[in-house]
Amino acid sequence: MSEYILEMKNISKIFPGVKALDDVNLKVKKGEIHALVGENGAGKSTLMNVLSGIHPYGTYSGDIYFKGKKCEFRNIRDSEKAGIVIIHQELALNPYMTIAENIFLGNERAVNGVINWHITNQEAKKLIQRVSLREKHDTLIKDIGVGKQQLVEIAKALSKSVELLILDEPTAALNDEDSNNLLNLLLELNQKQGLTCIIISHKIHEVTRIADEITVIRDGALIETLVKGRDDISENRIIKGMVGRELVNRFPERTSQIGDIGFEVRNWVAYDPLDEDRMRIKHVNLNVRKGEVVGIAGLMGAGRTELFMSLFGKAYGKKISGTIIKDGRELKLNNVSDAIQEGLAYVTEDRKTAGLILIDDIRRNITVASLKKVSKNSIIDENAEIKVAEEQRRLLNIKSSSIFQKTSNLSGGNQQKVVLSKWIFAEPEVLFLDEPTRGIDVGAKYEIYTIINKLAEQGKCIVVISSELPEILGICDRIYIMNEGKMVGEMTREEASQESIMKCIMQSEHNNV
Amino acid sequence: MFELVDMTTKQKVSINKGKDSNMDNYRDVLRHNMRQYAIAIALLVITLVFQILTKGVLLKPINVSRLILQNSYILILAIGMVLCILTGGHIDLAVGSIVALVSASSALFSVTLGIPPLLSILLGLLVGILAGMWQGFFIAYVNVPPFITTLAGMLIFRGINNIILNGQTILLPKLYVTIASDVIPDIFGDGTGLHITTILVGFIAAIAFVVVAIVNREHKKRHDFEVEANHLFFAKLVAIAAIIVLFSYWLARANGLPYVVILLIVLIVIYTFITTRTVAGRHIYALGGNAKAAELSGIKTKRVMFWVYTNMGFMAAIAGIIFAGRLNSATPTAGDGFELDAIAACFIGGASASGGVGTIIGAIIGGFIMGILNNGMSIMGISTFWQSIVKGLVLIAAVAFDVYSKSKAKVS
């Protein structure tokens, strides 16, 4: 038997009109952590879907050998039986079931269809311990955070006597601390129990930290496999492989021209809409100057999204109080359309569920927030609308066949550009950008940063909420740090560093206790 | 109905632009077209089949006229229903009961209370609007799911109808019958049986259609948008104009142009215009496509829901008046099961059960498919039991085909 637990030979997969995978040869050694990196749409997920039987045998060409045996998986059940488990980016957990029920979902501990709860709970407890999850087995999934949910997924995989665990962007939705815990767990499972892992990730620093080998995929083809200890696995080296060229600077240059205060918030308070006694946003003050890019740093759940959604025409929260001042004038915003009217824009954190209408085309998505501008007496002038959409497509370099392409068919980066152009077309003076580059690739990120810079140059007030500290440090003039619904710090670009921000957060936690 | 042409030119633009850059979109557009055509082709095939099976009775002028009159109220309900479905796959189960409520209360006004017929009709429409507002209020502002709200409405409105009528049937004044069944007067007729005025109206409609289409196209040209090739455009224009004239000739050979047909066409044109060209229409589609995104784009989603259901009440009221007129009376069982026919028409016509997809024209074609099945099988003497089975099979087949073609075309 060879040292490879998995060999994928000459895998090609064609979707109607697109060659998603082109003659890929992937080898994974037993007991290693193997990372797959590449830009969005490079074919990483497709390759893993081929491996796990989501694209069944016969829909691709090439051979898969697992533990030396040729495999012909027709569905996920087949691959799981062989010991390959895939955990998708979108978690497949039922929020209204307990942790134990979820772990054994589809794999129930049952005799003749009758579930043995005793064994279920007992085994669940063991698995919960194995993944260092500090929760009780009968806690409902909806009551635990995304980080812990990810651990439940891993426990679920372990319950299936997994030998090869595939994780698709496991840390995409996690904050730094949860990501760290998850990676440590993977290292531990790998080193102590010899679990082989394939991890797909956009976060290159994580990849370099835990992976033994790193395979770069670009445009459906395998570019190279870098081995830790043998090759250079620095971030720059990997990015070069991913984009096919050296990316000199990940953040475009900008000379800030900062003017007067354009947007100010005083003593802002908002309560949880589900629990009206719980104060979620606690007396927040902040200001943004014209032409300034202000970053909001904080852990997941710090209340950043909630703060800016509540500012955006009370789109979040109950019993909201406080003052919003724009250009020296107090604003009264009772709903989102008031906010848009007054020149505010909020680019949502999750473009698929809250930003885009995926079944609609680019054109309709761009104009949806400002239909007044392309209509007369409430009747839409389609010609004007088409012109506007074409213009935006050109300005933001949205890669698509036409403005009539459905947004669901666009890559993440281009989807994000459509969302941005929707708000640019609304011509706001104050923009809140919530995780503007989440889940998009390095090249597209650079383009988004360039757009942000251009907007700042036009003298707009810009707020960027981001969980990626390098990004905040790279593009912002000033940084607010939020924790537990409060502003706990403010730093200039010069003062701020990853360490100082994290320290600020930790100290505030300390003060809370 | 000029929107159809407009829609195709639009798709033409994208096809031309997609040619060089992306095959994906080319197929996407084609598929979209196919979906539009597939329903129309299905209607054509079903018509031909029943034309043969009924030995030519189906398309006889008098039967065509009857078929439209018989289905007019379902078609009107389908126009309102498709808007409800667009908002997110929601349906209105109460429309059958609102039809009954409106006919009963209108009878109450005109017969029992002696209010003039025209005013009674308007009051009846108002009752329908109020019923729609009642439902819209609970759906939009109290957040009760539409299914439950309208299920409750179905029971409540039916009950009120029964209380008003007390189990009796009330005969209605002449005006109701005129609206529901009569034809326009033949001013230019010579009394030889052919309804000249109807043909004249047909010609005027055809010319109006041609003018609107050409103006639209010139407008596009001025903006430098690509338009269909000349010969294609004019061939289509001539064909549609010919159909309009032929249709009017057919009606002229029957009794003439019924008032209901005028009403129906006006409603179709207005609502097609609203859905495709107005801000309100766009808001409805946006809400159904992604409610959260719509809300965060400044669309007042609650208000949209409220008006869509209020409008449904209005459409049910119109249907109620017409149905009462056809029966010449208000009856306790009026409108029974209408909601299901209207819902089926929308889904056969390509509306998506998850919202955001669907057209007025589609729902009308879906309604005609149902109508022809009913009418054709009745002529053939097939029992209503079998008719029900066939209609059910057609509904499931239409939607299954839709789902299948979508899943096949999906590029993950």
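Sequence lines set the chain letters: A, B, ... in the order given, protein chains first and strands last, and positions in each chain run from 1.
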Side chain to side chain contact (heavy atoms under 4.5 Å, CB included) between Lys300(B) and Val336(A), worked out: CA-CA 8 Å; Lys300(B) 289 172 179 145; Val336(A) 173; over 6 Å; no

Presence of salt bridge, Arg277(B) and Glu385(A), under 4.0 angstrom: no

Approximate separation, where rounding is to 0.5 Å, of Glu295(B) CD and Ser337(A) OG: 10.5 Å

Chain B contact via Lys352(A) - which portion, at a heavy-atom distance below 4.5 Å: backbone

Residues His219(B), Asn383(A); criterion side chain to side chain contact (heavy atoms under 4.5 Å, CB included); working and verdict: CA-CA 8 Å; His219(B) 202 68; Asn383(A) 297 325; 2.7 Å; yes

Closest non-hydrogen atom pair, Asn290(B) against Leu356(A): ND2-O, 2.7 Å

Interface moiety of Asn335(A) toward chain B, non-hydrogen atoms closer than 4.5 Å: side chain

Engaged part of Ser45(A) at the chain B interface, taking heavy atoms whose separation is under 4.5 Å: neither

Atom CZ of Phe234(B): over 12 foreign heavy atoms under 6.0 Å: yes

Pairwise side-chain contact, Ile380(A) with Thr278(B), heavy-atom cut-off 4.5 Å (strictly under): no

Which portion of Lys387(A) sits near chain B, non-hydrogen atoms under 4.5 angstrom: both

Segment of Ala354(A) engaging chain B (4.5 angstrom heavy-atom cut-off): both

Shortest non-hydrogen contact from Ile359(A) toward Gly355(B): CD1-O, 3.9 Å

Partner of Ser297(B) by side-chain contact (heavy atoms from CB on, under 4.5 Å), out of Leu371(A), Val368(A), Val419(A): Val368(A)

Proximity breakdown for Ile299(B) and chain A, heavy-atom pairs closer than 4.5 Å: side chain

Side-chain H-bond candidate by donor/acceptor type, Lys292(B) with Thr353(A), under 3.5 Å: no

Segment of Ile379(A) engaging chain B (4.5 angstrom heavy-atom cut-off): both

Point-to-point distance, once rounded to the nearest 0.5 Å, from OH of Tyr316(A) to CG of Leu296(B): 14.0 Å

